[in-house]
J.: 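Starting off with a structure, shown below.
Reminder, nothing fancy here: chain letters follow the sequence lines and each chain counts from 1.
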4 protein chains.
Amino acid sequence: MKLSFNNWVYSSFPVWVPAYPLEETIKRIAKIGYDGIEIGAAAPHAYPAYVSKDRRKAIRNVLQDNNLEVSSMLPAPGGGPGFNVASPLEEERKAAIEQYKQVAELCADLGGGTLLYVAGWQIYGTPRQQAWDWSREALSEIAKSVGAFGITVAIEPTPTDSNLVESCDDAIELMEQVGEGNVGLMFDTQHAYYRNEVPTDYVYRMGKNLRHLHISELGRGAPGSGKGDFVGLVAALKDIGYNGYLAMEIGFNRRDVEPDQIARQAYEYMKNLLK
Amino acid sequence: MKLSFNNWVYSSFPVWVPAYPLEETIKRIAKIGYDGIEIGAAAPHAYPAYVSKDRRKAIRNVLQDNNLEVSSMLPAPGGGPGFNVASPLEEERKAAIEQYKQVAELCADLGGGTLLYVAGWQIYGTPRQQAWDWSREALSEIAKSVGAFGITVAIEPTPTDSNLVESCDDAIELMEQVGEGNVGLMFDTQHAYYRNEVPTDYVYRMGKNLRHLHISELGRGAPGSGKGDFVGLVAALKDIGYNGYLAMEIGFNRRDVEPDQIARQAYEYMKNLLK
Amino acid sequence: MKLSFNNWVYSSFPVWVPAYPLEETIKRIAKIGYDGIEIGAAAPHAYPAYVSKDRRKAIRNVLQDNNLEVSSMLPAPGGGPGFNVASPLEEERKAAIEQYKQVAELCADLGGGTLLYVAGWQIYGTPRQQAWDWSREALSEIAKSVGAFGITVAIEPTPTDSNLVESCDDAIELMEQVGEGNVGLMFDTQHAYYRNEVPTDYVYRMGKNLRHLHISELGRGAPGSGKGDFVGLVAALKDIGYNGYLAMEIGFNRRDVEPDQIARQAYEYMKNLLK
Amino acid sequence: MKLSFNNWVYSSFPVWVPAYPLEETIKRIAKIGYDGIEIGAAAPHAYPAYVSKDRRKAIRNVLQDNNLEVSSMLPAPGGGPGFNVASPLEEERKAAIEQYKQVAELCADLGGGTLLYVAGWQIYGTPRQQAWDWSREALSEIAKSVGAFGITVAIEPTPTDSNLVESCDDAIELMEQVGEGNVGLMFDTQHAYYRNEVPTDYVYRMGKNLRHLHISELGRGAPGSGKGDFVGLVAALKDIGYNGYLAMEIGFNRRDVEPDQIARQAYEYMKNLLK
């Protein structure tokens, strides 16, 4: 298993400041000891439309110089353009699908292979089945398209924020309905804890389809600062032979966090568990 | 003085759910009694690129049928595209300026006349003066451009979230440097309270340049639910002869809020003060 | 009985901001309805060395134009110069006595007649009796000197902050030892509550020697916002025929207070009790 | 890097008691292990007008006997005389400048070389630019004058308490405008945290101009008792080659603190980090 750190807390998403350029963020995360960085596709780090081909090469060089992999990428849903794949607006659904494709291409350009999929949310007035169908269609199209870049898509249940793919089973159902070989699963301990569910249950249920994890205490604290059972989680992951990334997605939901500090605390705690 | 309600808590920005279509939101806000709606330019309500000319007409009809004005519009800064006018990325700055222009056009199409300006934020590594200059240049270009739509731009200090235009004096300084006739000022009581400043001081300092207000308790509660002095604020506004809008920008920063309830509480409290 | 408002919360003492010029403060307090203002002798309002004779006349005119009396004045102990009458430093004791005399002269120049006396505090290493004697000697000298200005001195027990004159009985003892006709007593409900004592006990114990009162909830909230028994206090004051000032000394100990708001709240609550 | 302890919590400023004589304070701080003492210029410790030349020699002897340096001195702004260099009162501004000069001379007499500069605060009615100009003029005059004593002046941003020099960038701008060789910068982690800013950003931004630091948790707790990242701060300071003082400015804002205890806790935590 490898450790990665999600860039939100070093970025302007969703909290505007503090924010560091991507190159600076790469150096800091690498210096702490992480194997990888998870890059959210938001400005100023990695909004695809703002990142020229030349700059992609330059970023890739910084990654290589610092011996850091791109563990994964994800879009930044919920801002002005929404990027809700289950929106009642056709314009928004199209833009969301296009954005996923662009994020996947950027991910490939930076040497990454995993794209996270947030299944969208149901707006008042849209029947659940309709929202689900739009999300399934979006995922089918995205999966087919990004296969060309060698990208795997991992569906993430997000009950803390949404109302559509809320559980381990929802994610499994969506994956099976889409039935594309490059679509797998992931989960975030924050979201499992939000529903008072047990992360190790997700590990065994997702099994060989588990492609990625987000690690966080409930409330987005660093693992080890709250009451999450990461000892048990690591044991379950070893048990199923998981050898992918554990990405810390923490601290980004409030302004009063020092990015380096929370990155370091999480690293030290998790590194010790993986010994 | 007139009362308006900001749409964030009925939208998907920044919290994804609950979210209501714009037409539904207009009907609810009008029914409570508000004179106007403040529309943030985020999906699914009003991201300019998603709102066709036909749909603009349809929305305008719904507004007229419900006797509700568009008091003001504002972009949704901080999401994937950032729209930070002080970003070190030239691509982002250009996109931000373009977005402001599009929001102004949409505002005019919906019958509104006031555009709020968030001056951006300083990314680590950008000297403050450079960030300030980029913001000033952006505002100059925006102000000149949107004058054609009859739009007034109101600069808002946002210390809760940013690090660039933090105070009443910063906003005044920016306005004076830009020196365009359609650039004025606004403030949000939340941001004044965040700095432990006194809103009535802002009223007297901004004086005849005051074009708009955001009303909120510290923490985004409805006015009257906390310790803000809205009695004194209304008295000061009467004292300077202010006759514009008071827009409630509340409740949107967390999921556990019922939009209709907080809109109603704010309306009842403020309506009574304006008698 | 008359109502007065202490200027600290409109001044820079001890919290630096917000701060309003004295003339502005006079206008605001008068507009709310108060009969008097209590002026603490701190910059920028009334540090004696900074207030020329011409400015004293100008301030007196503003007071008269606004129909506001100076109910009382007091020094600002505890800052750089300390002004601790019980200090082990002879330089400080002399400066403190001189400061009291200057405050008394300023008070008279502004039309006031009451000077509050804070008896100082004991520094580690000074025996209590020595500190007491220095304070008594200081008060004797001050009382004799300020009689020429027609000033009455009122001793205030200050247990919240000090360690010398801590109770009603300490103040009485000091008054009796000094034995000057222009030395009386006062108390502050905050300080009585700090010791879990009963303010009406102070009223009856101080009786005809009671010259002044400070009104505050424990913690410096406006009367009526906490659990203080101001109904009972007013009844006791009527019972002994007290016809002096009740000065609100509130809100000044923290930054997040709106001066006008707390002044208005206290006025409305107390005015109603005095009917 | 060396460790120093600020005397406020042993002094009468701003809380009157407990208070210890300066000589006693020196002995206690030295005994705990500190390399230096930061002396605030308030009674009874070090109000310049109260400290004769003979007493200065005596204090210097006590310092030498206890092997303790004077790391720095600072005035005590905000009390009766205010000493606000941006006051609208000319008398106060002059007194403030004179006080800075006297503190610098006292500092030199006690063997110290660093004077901290608090840039003042804006009173209602004073335009920000005017307040800024007064502060800049004051600093120019002070810097020129105290150069004769070999004193370096370090500008401190103080957003917790003020409204003028609020950020790292404000301090840099003021330093650059003054352009005197003996004017540098400092920061206090309390003030950075108050703005939810990251202290290591201040370290890299101030760089070679960084002359001094105040160490404190948000709320003035001892470092290590809260959530401040002092591990990261020390690493950044080593990274830029800082070899000056870290002065603990803690515990002084409330009465219920034991000075020796908080001094010892801070020392033990920081000493361990510096190993």
Side-chain angles (χ1 to χ4, degrees), chain A residues 10-25 40-52 55 75-84 86-96 99 103 118 120-126 158 160-164 253 255 259, chain B residues 10-25 40-52 55 75-84 86-96 99 103 118 120-126 158 160-164 253 255 259:
Chain A
Y10 285 98
S11 171
S12 294
F13 178 84
V15 174
W16 303 349
V17 285
Y20 301 80
L22 180 55
E23 293 81 349
E24 176 79 19
T25 303
H45 281 193
Y47 194 65
Y50 300 164
V51 192
S52 68
R55 192 154 163 255
F83 295 143
N84 174 10
S87 170
L89 300 182
E90 188 182 358
E91 292 88 346
E92 183 177 356
R93 295 197 304 274
K94 281 187 179 172
Q99 181 71 2
V103 174
V118 171
W121 54 96
Q122 188 186 356
I123 303 297
Y124 177 87
T126 302
T158 55
T160 308
D161 304 306
S162 69
N163 55 12
L164 194 55
N253 57 340
R255 186 171 173 178
Chain B
Y10 285 98
S11 172
S12 294
F13 178 84
V15 174
W16 304 347
V17 286
Y20 300 80
L22 180 56
E23 294 81 348
E24 177 77 19
T25 303
H45 282 192
Y47 193 65
Y50 299 165
V51 192
S52 68
R55 194 158 160 252
F83 297 143
N84 175 9
S87 171
L89 299 182
E90 188 181 0
E91 293 87 346
E92 183 178 356
R93 295 197 304 275
K94 281 186 177 171
Q99 181 71 2
V103 174
V118 172
W121 54 95
Q122 188 187 357
I123 304 297
Y124 179 87
T126 302
T158 55
T160 309
D161 305 307
S162 69
N163 55 11
L164 193 55
N253 57 342
R255 186 173 173 178

J.: Looking at B/Ser87, B/Ser162, B/Pro75, which has the largest count of heavy-atom pairs under 4.5 Å with chain A?
T.: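 Most pairs with chain A among the choices: B/Ser162.
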J.: Give me the one residue out of B/Leu164, B/Thr158, B/Asn84, B/Thr160 that meets side-chain contact (heavy atoms from CB on, under 4.5 Å) with A/Trp16.
T.: B/Thr158
J.: What part of B/Pro18 lies closer than 4.5 angstrom to a heavy atom of chain A: side chain, backbone, both or neither?
T.: neither
J.: Could you check which of B/Tyr47, B/Tyr10, B/Tyr20 has the highest count of heavy-atom pairs closer than 4.5 Å to chain A?
T.: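 Option with the top pair count is B/Tyr47.
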J.: Given a strict heavy-atom distance threshold of 4.5 Å, which part of B/Leu89 is in contact with chain A: side chain, backbone, both, or neither?
T.: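 The side chain, not the backbone.
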J.: Less than 4.5 Å to any heavy atom of chain A: does that hold for the side chain of B/Pro77, its backbone, both, or neither?
T.: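 When you check distances to chain A, atoms from both the backbone and side chain of B/Pro77 fall under 4.5 Å.
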J.: Would you please name every residue forming a salt bridge (charged side-chain N to carboxylate O under 4.0 Å, His left out) with A/Glu23, sequence neighbours left out?
T.: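 Counting only residues at least two positions away or on another chain, A/Glu23 forms a salt bridge (charged side-chain N to carboxylate O under 4.0 Å, His left out) with A/Arg55.
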J.: Could you tell me which portion of A/Val15 (side chain, backbone, both or neither) has an atom closer than 4.5 angstrom to a non-hydrogen atom of chain B?
T.: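 Contact with chain B is absent: no heavy atom of A/Val15 under 4.5 Å.
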J.: Show the nearest heavy-atom pair for residues B/Pro21 and A/Tyr124, with the distance to one decimal.
T.: CD-O, 3.2 Å
J.: Among B/Gly82, B/Ala76, B/Ser12, B/Gly120, who wins on heavy-atom pairs under 4.5 Å with chain A?
T.: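 Between B/Gly82, B/Ala76, B/Ser12, B/Gly120, the count favours B/Ser12.
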J.: What are the two closest heavy atoms between A/Asp161 and B/Val17, and how far apart are they?
T.: O-CG2, 3.3 Å
J.: Of the non-hydrogen atoms in B/Pro44 and A/Ile123, which two are nearest, and what is the gap between them?
T.: CG-CD1, 4.0 Å
J.: What part of A/Glu92 is in contact with chain B, defined as an atom under 4.5 angstrom from a non-hydrogen atom: side chain, backbone, both or neither?
T.: both
J.: Of the backbone (N, CA, C, O) and the side chain (C-beta and beyond), which part of A/Val118 lies under 4.5 Å from a heavy atom of chain B, both, or neither?
T.: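 Contact with chain B is through the side chain of A/Val118 alone.
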J.: Any side-chain heavy-atom pair from A/Pro81 and B/Pro81 closer than 4.5 angstrom?
T.: yes
J.: Just give me the residue among B/Ala46, B/Pro14, B/Gly80 that pairs up with chain A most often, heavy atom to heavy atom, under 4.5 Å.
T.: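 Ranked by contacts with chain A, first place is B/Gly80.
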J.: Any idea which heavy atoms bring A/Tyr50 and B/Ala95 closest together, and the distance?
T.: OH-CB, 3.2 Å
J.: Identify which part of B/Gln122 has an atom lying under 4.5 Å from any heavy atom of chain A, answering side chain, backbone, both or neither.
T.: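 Just the backbone, heavy atoms under 4.5 Å.
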J.: Do you know which two heavy atoms are closest between B/Ala42 and A/Gly79, and how far apart they sit?
T.: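 Taking B/Ala42 first and A/Gly79 second, the nearest heavy atoms are CB-O, 4.2 Å.
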